[in-house]
Trainee: 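Please see the structure below; I have some questions.
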Amino acid sequence: MAIGIKVTQWYKNSGRDLPWRETKNPYLIWIAEVILQQTRIEQGIQYYYRFIERFPDVFSLSSAPLDDVLKQWEGLGYYSRARNLHAAAKTLAEELGGKFPTTHTELIRLKGIGPYTARAISSFAFGEATGVVDGNVLRVASRILGDHSPINEQKYRKNFQAAVDSWVQGVDPRAFNHGMMDLGSTVCTPTKPACMICPVEADCVARQEGLEAILPIKSKKLKRKVRFFNFYIYKNEQAEIAIQQRPLEGLWGGLWEIPNEEIPHPQWEKQEAGSEANFQFSFKHVFTHFDMMGNVFEASSPNHANSPSYTYISTDKIPIFAFSKAVLKIFHRLGIL
Ligand code: SF4
């Protein structure tokens, strides 16, 4: 029996029930897939329900102010995802009458929709016979094929994609792709895969050759970059704090923040050591591509405090604005949220 049939049958008996799997609505599938990138399922489910309650379709999302969309996204990180969702919703509503393209080659033209998301929407919503290859599926494919190419290098991805594309032919694409993802999450796990209960055990080269613990191969990551920032709590006479909105492009684009500046490492360390009377605490925040080290100060600098770019708000208004996780962390540590 072919791999595609085995995975599909296994999914029908043993697959996971997840809320976005009950629908063929491309909008709901799109939202779920974007939220779940870089997010654990348990956390993602809560955001998914909140997001689709506030923006139930592409028209409500496209007509909402970006600030509202970012507020719904607050705490999830990778805010370019929210900005891109908003931009693509505008294209869908205003240029395509709210109708989603049905193939991954057309979907990929929308802002923020990459190869994975395009295939997920076309396969789950429209039944296109294309492989949906995430990190879990890459691991399963690497083991089934006995392929020693590093799965984290882009140039080898097309081989894995081609293999999964060949397995999905002639079977139900939704069931097959969900099945591959579930196999990776529950059976073909990173360590100690449960090969004895795996539906493709007989087809798996890694299993036949005892390579389950060796595959997949990942090439070594480069050393992480560290960047250093000072954050300032500026208060006016009414004890309101200064905030400002970031430009739309770049890190935390469109979010609100407290005044801050990136500084060289030696200067940052000197301040952390307490040379400034108003130093509060240091903290670390982890991004995908770098680690951020932050010093927090409370200050009333006339120069900065009078900056016209600042908006002053009382601390009870903090929940109205969308802040990054790092800034929310500061508010929590200071006990003002
Ligand atoms: S047989 Fe084992 S290693 Fe191979 S796909 Fe199944 S669980 Fe993974």
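Counting starts at 1 for both ligands and their atoms, following the listed order.
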Trainee: Test side chain to side chain donor-acceptor pair (under 3.5 Å) on Y116 and Q37 and set out the steps.
Mentor: CA-CA 10 Å; Y116 167 83; Q37 289 163 19; over 6 Å; no
Trainee: Checking S60 against D57: is there a side-chain donor and acceptor pair closer than 3.5 Å?
Mentor: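 A donor-acceptor contact under 3.5 Å links the two side chains.
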Trainee: Could you identify the single nearest non-hydrogen protein atom to atom 8 (Fe) of ligand 1 and state the distance to 0.1 Å?
Mentor: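 Protein heavy atom at minimum distance: C188 SG, 2.4 Å.
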Trainee: Please list, in number order, the atoms of ligand 1 under 4.0 Å from a heavy atom of E201.
Mentor: 1 (S)
Trainee: To which of P216, C195, S142, A206 does the heavy atom nearest atom 2 (Fe) of ligand 1 belong?
Mentor: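 Considering heavy atoms of P216, C195, S142, A206, the nearest to atom 2 (Fe) of ligand 1 sits in C195.
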Trainee: Which ligand 1 atoms does R207 reach within 4.0 Å, using its non-hydrogen atoms?
Mentor: 1 (S)
Trainee: Give a yes/no answer: is there an N/O/S atom of C198 under 2.8 Å from atom 4 (Fe) of ligand 1?
Mentor: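 Of the N, O and S atoms in C198, none lies under 2.8 Å from atom 4 (Fe) of ligand 1, which means no.
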Trainee: May I ask you to check whether over 12 heavy atoms, not counting those of E42, lie within 6.0 Å of atom CD?
Mentor: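 Correct, the count exceeds 12.
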Trainee: Evaluate whether atom CD of Q238 has more than 12 neighbouring non-hydrogen atoms of other residues, nucleotides or ligands under 6.0 angstrom away.
Mentor: yes
Trainee: Is it true that F323 and F331 have ring centroids separated by less than 6.0 Å?
Mentor: yes
Trainee: So which heavy atom in the protein is nearest atom 4 (Fe) of ligand 1, and how far is it from that ligand atom?
Mentor: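 Result: C204 SG, 2.3 Å.
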